[in-house]
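What follows is a short report on a single structure.
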2 protein chains.
Amino acid sequence: MGEKITSYMVAKRAGVSQSAVSRVFKPGSSVSEKTARKVRKAAEELGYRPNTLARAMASGRSRIIGLVVAYFENQFYPEAIEKLANTLQANDYHVLMFMSWDETEAPETVINDLLDYQVDGIIAASVGVTDVLTKRCEAAGIPVMLFNRHQNDDKLSAVTSDNFTGGRKLAEFLVRGGHERIAHVAGWDGASTQRDREAGFLSGLAAHGMTLFARSCGNFHRDQAQEAARVLLRAEVRPDAIFVSNDHMAFAVMDVIRSEFKLRIPEDISIVGYDDVAMSEWPCFDLTTVRQPTNRMAEETVRILLQMIENEESLPCRIALDGPLVVRGSARLPVDE
Amino acid sequence: MGEKITSYMVAKRAGVSQSAVSRVFKPGSSVSEKTARKVRKAAEELGYRPNTLARAMASGRSRIIGLVVAYFENQFYPEAIEKLANTLQANDYHVLMFMSWDETEAPETVINDLLDYQVDGIIAASVGVTDVLTKRCEAAGIPVMLFNRHQNDDKLSAVTSDNFTGGRKLAEFLVRGGHERIAHVAGWDGASTQRDREAGFLSGLAAHGMTLFARSCGNFHRDQAQEAARVLLRAEVRPDAIFVSNDHMAFAVMDVIRSEFKLRIPEDISIVGYDDVAMSEWPCFDLTTVRQPTNRMAEETVRILLQMIENEESLPCRIALDGPLVVRGSARLPVDE
DNA sequence: TCATTTTTTGCATGCGCAGTCAAAATGTCA
DNA sequence: TGACATTTTGACTGCGCATGCAAAAAATGA
């Protein structure tokens, strides 16, 4: 069974010092082509691979990024995580996953785990935890990136899409579609995405002298979103359009509308969402929504994080990437075009 | 900024040796309650936390499990991963994610990464890679668990649901529902899940003197599944029921049936799937399917893996957990009940 | 050619902790 | 109280590699 091959063994076989071996495997070190060849040959013959953990110990860099997640239920997150992991992998970093169970559970535990593993940086793509987390990490000198959320603390870097503008685009679109009673199924108010999207949406309505016809909260959860939809639809006068704060909840709302209230979309009521997850395109939903540019968000997140890791005192920065309105069939189209 | 607190510092402050500190933080070591108290007090005051990496170096165990994944597109996997990660976390292990990009890309890279990180064990929940991977890991003495798949190599441990029986249940159900032209949209033939499900299904049909009316392959991908459905539906004589190899593809097939062929489910054609992912329950799909007991699968996977890690020579074992047929509205019901 | 600069090399040390071993402390029993 | 068994403790070493430093080798110039 596999006896561990160390750099010493390679060194001996190649007739050089252990340091030489170490240098050959560390890009950017000063080694002559001659020794490099000898070392690589010996390493190959022995099947040597540098031990990442030992490397981490010696150098103080683990090349591990802690990824704090929850809420896999919403397809947006698996998609995003996949892209984050891939992008990091392409940069020779890896992802250590930390599930933050339910949002109430002591985030302390997660944070401690995170710090114990000496992660080089953290990407927080989960709600709630962030306040406590960021403080502790700052104290420990570990860079933190917020993904798809931001906080008021401006020492924190964050990458989001431009949720305000996105919300505004949706409002414009619904107004131009001639809707007169526009309602909103909101997500959790503690999330910046919710607040920004709603603010943008309201400002879009206001620009046309309109206000929200009704509002109900779904907290980003499917069942609560369904309940919120029922409330709106049971009212004396129904809305003729609903902006649901993310696609995941929009699907829930659509189900209630069609199977419980036997209404047609968009003939009886228009629905728009936010995120443009893969499912939004499926014919059964065909959801008009705003696309979050997940690829670019992941790339930017990784870029900034690595920069903070390598460049001690790079300033925190917040990026909001623009995402297009994706017009499909779940909302009545503007007539003027 | 955070100067690292080491066990030495704690030792000094508590007036004991570094070994003592180490012992206090290692469960099951012999320390007197008195020194333990002193150490804990000092540790608390200093904010000490053991360095997991150093621990890994010294002990040879990283408490990291490599999770090889792909195909997040299918909701089953995010769900499973969430449960695996949680279960591992509850056992003081953590998950290092390795995305195996597309299936063709050199799995070598992934495997090397995996070994470099000195993972204590590996869970493979991704197709394709497994053959090469398992060989290398065996050579390196790292236990491997296959999740939701198995291989002929009986030195490998695997946890699946009982796909054969599941397939059989579905066949029984469709036959009893009076279907006469039963077709199958298959997944990738290289996957054991596909082969087992189909074999079970065929055996179920055979038990009633029936055979498959038609077969078409979707390779577990949405677009290919749609194409497969089109082939079946364009035929002179259409099937009156389709068993789609997993829910993910079933949704694709349903979309084609309804939006392209304007047929009703289940009045014109019955659909059954496999997995019982969360979406199957949504009213717009309401899919009759076989549930994979994800929770128990995750628990068993972790249990066996940890056993292999801790108990050098525990024998490889294969487990197939039974999953119930979940009857919903996407397939005509048997009349006899 | 020799003196000087530049590159390459090996030595030695440390990262933070776990675990071995022998010494010290504590406990037990007569 | 002494002799012995048992528990607790500290000194020390090693895990596998990176890196500062000084010595050696190679390259450069006059």
Side-chain angles (χ1 to χ4, degrees), chain A residues 2-40 42-43 46-64 92 115-120 140-141 310, chain B residues 2-40 42-43 46-64 92 115-120 140-141 310:
Chain A
E3 341 108 62
K4 307 257 179 191
I5 311 295
T6 74
S7 54
Y8 277 102
M9 304 181 190
V10 177
K12 184 172 298 171
R13 182 175 247 264
V16 298
S17 74
Q18 180 267 328
S19 329
V21 178
S22 170
R23 287 192 184 102
V24 170
F25 284 90
K26 170 125 203 285
S29 306
S30 125
V31 225
S32 71
E33 190 46 45
K34 201 179 65 182
T35 48
R37 245 201 312 278
K38 282 194 295 186
V39 167
R40 269 196 282 269
L46 261 45
Y48 168 76
R49 312 230 77 229
N51 178 328
T52 309
L53 260 39
R55 232 170 183 168
M57 271 246 65
S59 69
R61 301 224 159 290
S62 61
R63 301 197 80 80
I64 294 180
D92 251 313
L115 298 178
D116 292 355
Y117 269 102
Q118 312 293 113
V119 295
D120 286 346
E310 277 146 31
Chain B
E3 342 108 61
K4 305 258 180 190
I5 311 295
T6 74
S7 54
Y8 277 103
M9 303 182 190
V10 178
K12 185 172 297 171
R13 182 176 247 265
V16 298
S17 74
Q18 179 267 327
S19 325
V21 177
S22 170
R23 288 191 186 101
V24 170
F25 284 90
K26 170 122 204 288
S29 307
S30 125
V31 225
S32 70
E33 191 45 46
K34 202 178 66 183
T35 48
R37 245 200 312 277
K38 282 194 295 186
V39 168
R40 269 194 281 270
L46 261 45
Y48 169 75
R49 312 231 75 226
N51 178 329
T52 309
L53 260 40
R55 235 171 183 169
M57 270 246 66
S59 68
R61 315 232 84 115
S62 61
R63 300 198 81 81
I64 295 179
D92 250 315
L115 298 177
D116 292 355
Y117 269 103
Q118 312 292 111
V119 295
D120 286 346
E310 277 146 31

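Every chain is numbered from 1, with letters handed out A, B, ... down the list of sequences.
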Evaluate the side-chain contact (heavy atoms from CB on, under 4.5 Å) criterion for residues A:V16 and A:V39: first the C-alpha distance (whole Å), next the side-chain angles of each, then the deciding distance (0.1 Å), finally the verdict. CA-CA 8 Å; A:V16 298; A:V39 167; 3.8 Å; yes
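- You'll find the side chain of B:T35 stays beyond 4.5 Å of the side chain of B:V24, heavy atoms only.
- For B:L53 and C:dG14, the CG to C1' distance is 16 Å, given to the nearest whole Å.
- Dashed line: the shortest gap from a side-chain N or O of B:S7 to OP1 or OP2 of C:dC17 is under 4.0 Å.
- Applying the side chain to side chain contact (heavy atoms under 4.5 Å, CB included) criterion to B:S22, with sequence neighbours excluded, gives B:Q18.
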Less than 3.5 Å apart, which donor and acceptor atoms pair up between the side chains of residues 46-60 of chain B and the rest of the protein, not counting sequence neighbours?
| residue | atom | partner | partner atom | Å |
| --- | --- | --- | --- | --- |
| B:R49 | NH1 | A:D116 | OD1 | 3.0 |
| B:R49 | NH1 | A:D116 | OD2 | 2.7 |
| B:N51 | OD1 | B:L53 | N | 2.8 |
| B:N51 | OD1 | B:A54 | N | 3.1 |
| B:T52 | OG1 | A:D116 | O | 2.7 |
| B:R55 | NH2 | B:F25 | O | 2.8 |
| B:S59 | OG | B:R55 | O | 2.8 |
| B:S59 | OG | B:R61 | N | 3.3 |

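- B:S7 places no side-chain N or O within donor-acceptor distance of the main-chain N or O of B:V21, the cut-off being under 3.5 Å.
- Legend: residues meeting side chain to side chain contact (heavy atoms under 4.5 Å, CB included) with A:R37, ordered by chain and number and at least two apart, are A:E33.
- Regarding A:D116, its CG atom lies at a distance of 13 Å from the C1' atom of C:dC17, rounded to whole Å.
- The interatomic distance linking B:N51 (CG) with C:dA18 (C1') rounds to 13 Å, in whole Å.
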Below 3.5 Å between N/O atoms, which protein atoms pair up with nucleotides 6-12 of chain C? Just atom names and distances, please.
| residue | atom | partner | partner atom | Å |
| --- | --- | --- | --- | --- |
| C:dT9 | OP1 | A:S32 | OG | 2.8 |
| C:dT9 | OP1 | A:T35 | OG1 | 3.1 |
| C:dT9 | OP2 | A:S32 | N | 3.0 |
| C:dT9 | OP2 | A:T35 | OG1 | 3.1 |
| C:dG10 | OP2 | A:S17 | N | 3.1 |
| C:dG10 | OP2 | A:S17 | OG | 3.0 |
| C:dG10 | N7 | A:R23 | NH1 | 3.4 |
| C:dG10 | O6 | A:R23 | NH2 | 2.6 |
| C:dC11 | N4 | A:S19 | OG | 2.8 |

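- What separates CZ of B:R55 from C1' of C:dC15 is a distance of 16 Å, to the nearest Å.
- At whole-Å resolution of the value, CZ in B:R61 and C1' in C:dC17 are 16 Å apart.
- The two residues B:A42 and B:A14 have their closest heavy-atom pair at CB-CB, 3.8 Å.
- Taking each heavy atom of A:D120 and A:R63 in turn, the nearest pair found is OD2-N, 2.7 Å.
- Here the CZ atom belonging to B:R23 is positioned 11.0 Å from the OG atom belonging to B:S32, to the nearest 0.5 angstrom.
- For the helix from C:dT1-D:dA30 to C:dA30-D:dT1, the end axes, each set by the C1' atoms of five terminal pairs, are bent relative to each other by 20° (nearest 10°).
- Remark: the backbone N or O of A:A43 is not paired with any side-chain donor or acceptor of A:R13 at under 3.5 angstrom.
- With a cutoff of under 4.0 Å to any heavy atom of chain B, the contacted region of DNA chain D is bounded 5' to 3' by D:dT8 to D:dG16.
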